[in-house]
Amino acid sequence: MTRATRTTPAASVARPIAVERAVTLVVGLLGLLAGVAALVVGAGWLGHGRAARPVLDPLAMTWLAGHAALARVLAVLVGLVLLVLGLAVLVRAVRPERHPAFVLDRSPTDRLRVTPAAVAGAVRADAERVDGVARARARVVGSRDRPALRLVLWLREGTDLRRVWHALDARVLERARQALGVDQLPTAVRLELDTARRQRVR
Amino acid sequence: MRVLVRCLAALLGLAVAGVGLALAGETAWAWARPDAGPLVVPWPAWRARLAALSWASPGVRLLAAAVAVLGLLLVLAALTARHRGIRLHSPAPEVSVTTSRRSLARLVGDQVRAEGGVDRARVRAGARTVRVHAASRFDTEDQLRSRVREVAGQAVADLPMPRSPRVAVVVDSARTPR
């Protein structure tokens, strides 16, 4: 993970894919190691006798036949574990990212919630009012208990970045914090610099 | 790369789940009704084939090489799917601000190209170094180099970054100094 996500754990610039990366890495490493090991055995580096033995080694088959019950139980268990893990990874990878609603009033009788689209729309409108911002996009991400904001700003050419940067915290994010009644709103901002040309007189 | 890794993870998850289902299902079926034959996967035929092949046979070695290469590709895909953003100063502790490498390169390139005498400029930006390749027809290499270095350095210095990247300049000039 990058430093950006480490310092602000609740907000990330893009959808976090740590689990997906880890799965890909582990499966890739297993494939690489298994393939290389099979090549090493086949090349005869562990002895020519071993290279000439069948892939389904009679010794292993004899051992399995001797422990049939254990092997079957293990096979069924391993199969079930693989099934559950595989489905979990699949669901996680294809599931759309969650956009939680802000709960303003948590009393059991009244519940006041602000939809993520409303928050995102308000923040986007505020951000686009900042001088130099050509376009903005806002998303509410994270969980219901730890909501975070993801903001992308497209800046015009020649924009003074320091001014945008101050307006961002003092106006846009401060308004959002006040409206939602929170002290802290973890936010990840991505700036796209120099995206729209300045108007030139022809 | 990030979308690719998500797709790969989904496919791998599906494959692992399929293998797990087949393993558990076939084993349980063969245990319950040993004489009924396989359920879906023709594993007795596979077993006979594998028992006849040696580790040194070309087919096995080819398959092993293919699996190793596929594994390596997966590892590379997983390792390259990082955020490659460039960090800027945070206005508040819980706010992180980043920009893209392409964005930084575009900013520096626009400012260098706006400089008179620069005909072409190509910029590649990273978190540690910004490389500028500029060409001019009229300026000598020394003139061009010092000006491009100054403009690019100023452009980078104007950004609120915790650690400004180093500017490396390469110039081409049609004019040779006398």
Side-chain angles (χ1 to χ4, degrees), chain A residues 2-4 7-8 11 13-14 17 20-21 23-25 27-32 34-36 38-39 41-42 44 50-56 72 75-76 78-83 85-87 89-90 93-94 157 161-162 165-166 168-169 173 184-194, chain B residues 2 5-6 8-10 12-25 27-28 31 47 50-56 60-61 64-65 67-68 70-75 77-79 81-83 85 87-89 91-92 94-100 103-104 106-107 110 158-160:
Chain A
T2 59
R3 259 178 305 166
T7 47
T8 55
V13 191
I17 56 160
E20 287 87 338
R21 270 185 76 193
V23 168
T24 312
L25 188 69
V27 174
L29 277 179
L30 286 179
L32 184 60
V36 168
L39 281 179
V41 171
R50 197 176 296 267
R53 291 185 73 85
V55 175
L56 212 64
R72 279 171 174 160
V76 172
V78 168
L80 290 179
V81 167
L82 287 181
L83 176 64
L85 282 182
L87 286 181
V89 169
L90 176 67
V94 265
E157 192 185 339
L161 207 56
R162 289 167 196 277
W165 189 73
H166 279 297
L168 193 68
D169 189 48
L173 297 182
Q184 287 203 333
L185 181 60
T187 307
V189 186
R190 200 178 79 216
L191 299 177
E192 292 291 336
L193 310 169
D194 259 19
Chain B
R2 296 171 56 82
V5 163
R6 264 184 68 202
L8 285 176
L12 291 175
L14 195 62
V16 167
V19 168
L21 184 64
L23 180 62
T27 309
W31 201 355
R47 190 171 67 177
L50 283 181
L53 284 174
S54 80
W55 286 104
V60 171
R61 293 167 82 160
V67 168
L70 209 64
L72 185 64
L73 290 180
L74 287 180
V75 168
L79 290 183
R82 299 184 292 126
H83 289 294
R87 255 193 116 195
L88 303 180
H89 276 307
E94 81 278 13
V95 180
S96 74
V97 184
T98 52
T99 187
S100 60
S103 207
L104 179 59
R106 192 166 51 220
L107 178 92
D110 283 352
D158 277 346
L159 294 174

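Every chain is numbered from 1, with letters handed out A, B, ... down the list of sequences. Note that the structure is a prediction, hence the values are computed from the model and not measured. These numbers come from the heavy atoms of this one structure, side chains and all, not from hydrogens, waters or symmetry mates.
With a threshold of 4.5 angstrom between heavy atoms, A/Ala75 approaches chain B through its backbone and through its side chain. Heavy atoms of A/Leu39 lying under 4.5 Å from chain B belong to its backbone as well as its side chain. For A/Leu173, the part sitting under 4.5 Å from any heavy atom of chain B is the side chain, from C-beta outward, and nothing else.
You'll find the side chain of B/Leu12 stays beyond 4.5 Å of the side chain of A/Val89, heavy atoms only.
With respect to chain A, the highest number of heavy-atom pairs below 4.5 Å among B/Val97, B/Leu88, B/Leu104, B/Leu21 belongs to B/Val97. Taking B/Val60, B/Leu70, B/Val19, B/Leu72 one by one and counting their heavy-atom pairs under 4.5 Å with chain A, the maximum is reached by B/Leu72.
With values rounded to the nearest 0.5 angstrom, A/Leu193 atom CG is found 3.5 Å from B/Thr99 atom OG1. If you take CG on B/Asp158 and CG on A/Leu161, they are separated by 9.0 Å, rounding to the nearest 0.5 Å. A/Arg50 CZ to B/Trp55 CH2: the interatomic distance, rounded to the nearest 0.5 Å, is 10.5 Å. Taking OG1 of B/Thr27 as the reference point, atom CZ of A/Arg72 lies at 8.5 Å (rounded to 0.5 Å).
Nearest heavy atom pair, residue A/Arg21 against residue B/Ala81, reads CD-O, 3.3 Å. Across all non-hydrogen atoms, the minimal contact from B/Ser100 to A/Glu192 is OG-OE1, 3.4 Å. Considering every non-hydrogen atom in both B/Ser54 and A/Ala52, the closest pair reads CB-O, 3.4 Å.
Just one of A/Val23, A/Thr24, A/Val27 meets the side-chain contact (heavy atoms from CB on, under 4.5 Å) condition when paired with B/Leu8; it is A/Thr24.
Applying the side chain to side chain contact (heavy atoms under 4.5 Å, CB included) rule to B/His89 yields the partners A/Trp165, B/Pro160, B/Pro162; only residues at least two apart in sequence or on another chain are considered. For the side chain to side chain contact (heavy atoms under 4.5 Å, CB included) test, residues two or more places apart in sequence or in another chain that qualify with B/Leu79 are A/Leu25, B/Val75.
No donor-acceptor distance shorter than 3.5 angstrom exists from the side chain of A/Thr187 to the backbone of B/Val95, with no hydrogens or angles considered.
Salt bridge status for A/Glu20 with B/Arg2: absent, with no side-chain N to carboxylate O gap under 4.0 Å.
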